[in-house]
Structure formats: structure tokens, C-alpha cells
Q: 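Quick one: the structure is below, and I'll ask about it shortly.
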Amino acid sequence: MIPYGRQEISQADIDAVTAVLRSDWLTQGPAVPSFEAAVANQVGARHAVAVNSATSALHVACLALGLGPGDRLWTVPNTFVASANCGLYCGATVDFVDIELVSGNIDVALLAEKLASAAQMNCLPKILVPVHFAGHPVEQQAIRELTERYGVFIVEDASHAVGARHNGEPIGNCRWSDITVFSFHPVKIITSGEGGMALTNDPELAWRMQLLRSHGITRDPERMAEANPPAWYYEQQELGFNYRMTDIHAALGQSQMARLDGWIARRNEIARYYDELLSGLGIGLPVTRFGNLPAWHLYVVRVEPGQRRRIFESMRAAGVAVNVHYMPVHLQPYYRKLGFCAGALPVAEAHGREALTLPMFPGLSDTDVERVAEKLKHALGN
Ligand SMILES: *Cc1c(COP(=O)(O)O)cnc(C)c1O
């Protein structure tokens, strides 16, 4: 079976993890700050806060920006549930902005309309979470210019987009956002086993996220209420969590960083080969917007909705583990119970019926790509 995604572990990765296992620190040692510095440096952000998943990063990002009961968070339906759940964790209300069919990303014109009417009804969101679907950068500058007028914060969910670039600038530099979140789950671009990171240029946001990832506790005398504290003293200042990344995970993540650029190049090569092999089949192929270097976390084609299940099952039976990204979040049973219904976000729903994710990972050989294309052609021809 050719999987749809797969991590690559080298001897250097194994050595890096082993070195931590042999060291004095399995967690809260030097590997986490070292990984944070490596990622911040790679993407050009001032601060990086490593946590145990992107889900945790989204949660602390929302809390650091002050999201709470009575507030609203908007995201897109064409994403993993975590992009929306973070709002619910904070007691806020979640709503969705529809997407463009071709990119799968937030529709900026619809966002403009929705913001204008929300402003009139006095129900603007506190946070917007745009998602760089499949690793294709959203229109960051346009989104920032729009939301800035209304005082809406931006948390980029860049779980798919580690290593992507927009007009030459790395996703994660937070030029057009308040916080950017990365995922290091094994199916993503680089992995730490489980793990995530929140990037920001704002020292106060970084400080709050650091506090929240470890019980809300600080040991920094300069930040304490107590004057002249003894050496054993620490203060819990907020209700935080144990969202810490371990040194074992951080060592793996940092070791993987060394291959990031090569992997992005290979993913782009694979995408171009798919484009070539699949053109003229009458299916929707992913489009790269001018100025974007996608990270190509996923290569998603669109097929006839009535044929999708048959094509999916035919390819799985032929040893190609295709997948679907995404069933729209608002149609999940949990979100339906909150009052969302079918028809509310027609473009994301259409995308959800048509999308078929082909295998995409740097270890995929040209022969594998040819085999996937062959099986897809065969399935379409039935
Ligand atoms: C994978 C993913 C997440 C969650 O990442 P974890 O590290 O597994 O918590 C969040 N958002 C999107 C868009 C994702 O693809």
C-alpha cells in the first residue's frame, strides 16, 4: 500500500533522540529552547513557544489573545476540527467563513462581507483563524488589511504550511498575523512525534503562551507579585495546562529541520509531476497562486461527487491509500448539535464532496507517482 503521507526518519534523527535519552534531561532541558530558536530563526519570527501539539498551540494562542466566554472565533470549515475547537475550549462561540473551491482557502471577498455585516450587528469576532490548506498560503496581506480595520486578531493555522513561502517570505514570520501555529504530527511536513509551536513577534504574547503551557506558573522573579522571593519560590498566575514538549520530541524536530528545504523542493517536484500526469483527465487539479511556494502537505484533486466513493474504494483496493480532506467541520455531529446545518457553507460542502487526497510525501518515488496516476486514470475510466 502506498500511504497518503509518511514521515522520514534518518540515522541523524535517531542519534539526536538517543543523545537526549543518554543525557540528564528528558524534559525541560536544553533541547526545547534549541528547537524553538531553530524554528524561529528559520521562519524569521522573534519568539517561538513549543508545545505538545498544534491543538495545544491553538488553545494557548487563543487564551493569550484573551478569547473567552462571550467572544467569537471565526475559521474555515475546510480544515481539521482543531482549528475550530480551540475557540470552544475558551468558552467562545465559533463561526465559519466559506472557502474558494479552487484553493480550498478562505474566500477573502466573503470574509469582507461577513465582517461588514458583523460590524453593523455588533458581533465581530475577536480572532480569525485562517488555514493554509494543503500548504497553500492564504492571501495574508489582504486578510490582515481587512481584519485590522475591525480590530480582529489573526492566528494562522499553518499546520500544513511549515516551509511554505508567500512572496518570498516564510509562513510563520507573523508579518500579517499575531500568532502562527505549526504542527509536527508525523503526517505533517516535519515531525517531532507529536508536537506543535506558536510563533509570534510580540514578547508579551510569547510570555503568556509560555506561562499557559506549564500550569500558569512562573519562576521569573521579575514577573512575580512577591518582592525578594526565596530560591524555591514560584507563582501560579493563571490557570494553565501541562502542554509542554519533551526534550526527546524537540531533538527529533530539530534534527528534521535540517532536511526541511530539501523536502519542500521534493514535494513541489512531486506536485509538478502529478500536474503533468493528471492534466486532461477532466478532474480539478490544485492551483498554485502566483507568489506562493506551497509546502504541499497534501495534493488534493476534485472528482465528480457521485463518483468519489467508487474511485476512493477502487484506488484503496489497488494499493493506493487515498484520503479525504476535509469533511467540513460544521457538518460534524458535534457542530450540528451547536446549530450548524448543511447548506450553510455551500462551497466548503461542495469541496468536501469532491476532494480526493493523493499520496504526497518526500519519500514517494517517481515510479510511485506514476503508479498513483495510473490507478486514478483506471478508476476514472470505469
Ligand atoms: C494536524 C492539524 C492540526 C492539529 O495538529 P496536532 O499537532 O495533531 O494537534 C490543526 N490544524 C490543522 C489544519 C491540522 O491539519
Side-chain angles (χ1 to χ4, degrees), residues 3-7 32 35-36 39 48-63 73-90 94 96-97 99 103-106 127-138 140 154-164 171-172 177 179-199 209 212-213 241-246 249-250 252-253 256 267 286 294-300 323-330 332 334-335 348 351-352 355 357 360-361:
Y4 92 89
R6 186 174 156 63
Q7 73 279 8
V32 170
F35 182 34
E36 288 172 334
V39 175
V49 180
V51 286
N52 57 3
S53 71
T55 304
S56 304
L58 287 163
H59 188 191
V60 295
C62 289
L63 287 174
L73 175 144
W74 290 359
T75 186
V76 283
N78 184 39
T79 186
F80 184 58
V81 292
S83 319
N85 288 347
C86 55
L88 301 181
Y89 295 158
C90 299
V94 168
F96 299 93
V97 184
I99 58 162
S103 66
N105 276 338
I106 189 165
I127 297 177
L128 174 71
V129 180
V131 178
H132 303 287
F133 177 69
H136 291 271
V138 299
Q140 296 179 289
I154 294 184
V155 175
E156 292 172 66
D157 185 341
S159 293
H160 298 184
V162 177
I171 295 301
S177 67
I179 297 170
T180 302
V181 167
F182 287 159
S183 172
F184 307 127
H185 183 275
V187 86
K188 306 288 164 65
I189 306 287
I190 62 167
T191 189
S192 60
E194 294 275 1
M197 206 174 277
L199 290 305
M209 292 192 288
L212 289 162
R213 77 172 161 189
F241 309 88
N242 183 347
Y243 281 172
R244 295 186 303 262
M245 180 182 278
T246 73
H249 293 89
L252 176 56
Q256 293 245 311
R267 284 174 179 273
W296 288 109
H297 164 51
L298 306 170
Y299 189 91
V300 179
N323 216 321
V324 168
H325 296 89
Y326 283 100
M327 295 179 282
V329 176
H330 70 289
Q332 293 288 350
Y334 188 82
Y335 279 84
H351 189 277
T357 305
M360 169 59 91
F361 53 94

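Indexing begins at 1, ligand by ligand and atom by atom, following the structure's order.
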Q: Nearest to atom 10 (C) of ligand 1, what protein heavy atom do you find, and at what distance?
A: Ser159 OG, 3.4 Å

Q: Tell me whether Leu58 has any N or O atom under 3.5 angstrom from an N or O of ligand 1.
A: no

Q: Just so I know, are the side chains of Leu63 and Phe241 near enough to count as touching, which here means a heavy-atom distance under 4.5 Å?
A: yes

Q: Side-chain contact test, heavy atoms from C-beta onward, threshold under 4.5 Å: evaluate it for Val76 versus Pro130 and give yes or no.
A: no

Q: Tell me yes or no: between the side chains of His185 and Glu194, is some donor less than 3.5 Å from an acceptor?
A: no

Q: With heavy atoms of Ser183 as the reference, note each atom of ligand 1 found under 4.0 Å away.
A: 5 (O), 6 (P), 7 (O)

Q: Side-chain contact test, heavy atoms from C-beta onward, threshold under 4.5 Å: evaluate it for Val60 versus Tyr243 and give yes or no.
A: yes

Q: Mind checking whether Met197 and Val49 have side chains closer than 4.5 Å, heavy atoms only?
A: no

Q: Where does Thr55 meet ligand 1, judged by heavy-atom distances below 4.0 Å: at the side chain, the backbone, both, or neither?
A: both

Q: So, the side chain of His297 versus the backbone of His160: is there a donor-acceptor pair under 3.5 Å, distance only?
A: no

Q: For atom 11 (N) of ligand 1, grab the closest protein heavy atom and report residue, atom and distance to one decimal in Å.
A: Asp157 OD2, 2.7 Å

Q: Has Ser83 got any heavy atom lying under 4.0 angstrom from an atom of ligand 1?
A: yes

Q: Nearest protein heavy-atom contact for atom 15 (O) of ligand 1: which residue, which atom, what distance?
A: His160 NE2, 2.7 Å

Q: Is any NZ, NE, NH1 or NH2 atom of the basic residue among Arg213 and Glu36 found under 4.0 Å from an Asp or Glu carboxylate oxygen of the other?
A: yes

Q: Would you say Glu194 has any N or O atom under 3.5 Å from an N or O of ligand 1, going by distance alone?
A: no

Q: Can you list the atoms of ligand 1 that are under 4.0 Å from a heavy atom of Tyr326?
A: 15 (O)

Q: Answer with side chain, backbone, both or neither: which part of Phe182 has a heavy atom less than 4.0 angstrom from an atom of ligand 1?
A: neither

Q: Provide the number and element of each atom of ligand 1 under 4.0 Å from a heavy atom of Ala82.
A: 10 (C)

Q: Does the side chain of Thr357 come under 3.5 Å of the side chain of His325 through a donor N or O and an acceptor N or O?
A: yes

Q: Give the numbers and elements of all ligand 1 atoms closer than 4.0 Å to a heavy atom of Thr79.
A: 13 (C)

Q: Ignoring hydrogens and angles, state whether a donor on the side chain of His59 or Ser56 is under 3.5 Å from an acceptor on the partner side chain.
A: no

Q: Which atoms of ligand 1 are found less than 4.0 Å from any heavy atom of Gly195?
A: 7 (O)

Q: Do me a favour and list the nearest non-hydrogen protein atom to atom 14 (C) of ligand 1 with residue, atom name and distance?
A: Lys188 NZ, 3.2 Å

Q: Are side-chain N/O atoms of Gln7 and Gln256 paired as donor and acceptor at under 3.5 Å?
A: no

Q: Run the numbers for me: atoms of ligand 1, each under 4.0 Å from some heavy atom of Ala54, listed by number.
A: 4 (C), 5 (O), 6 (P), 7 (O), 9 (O)

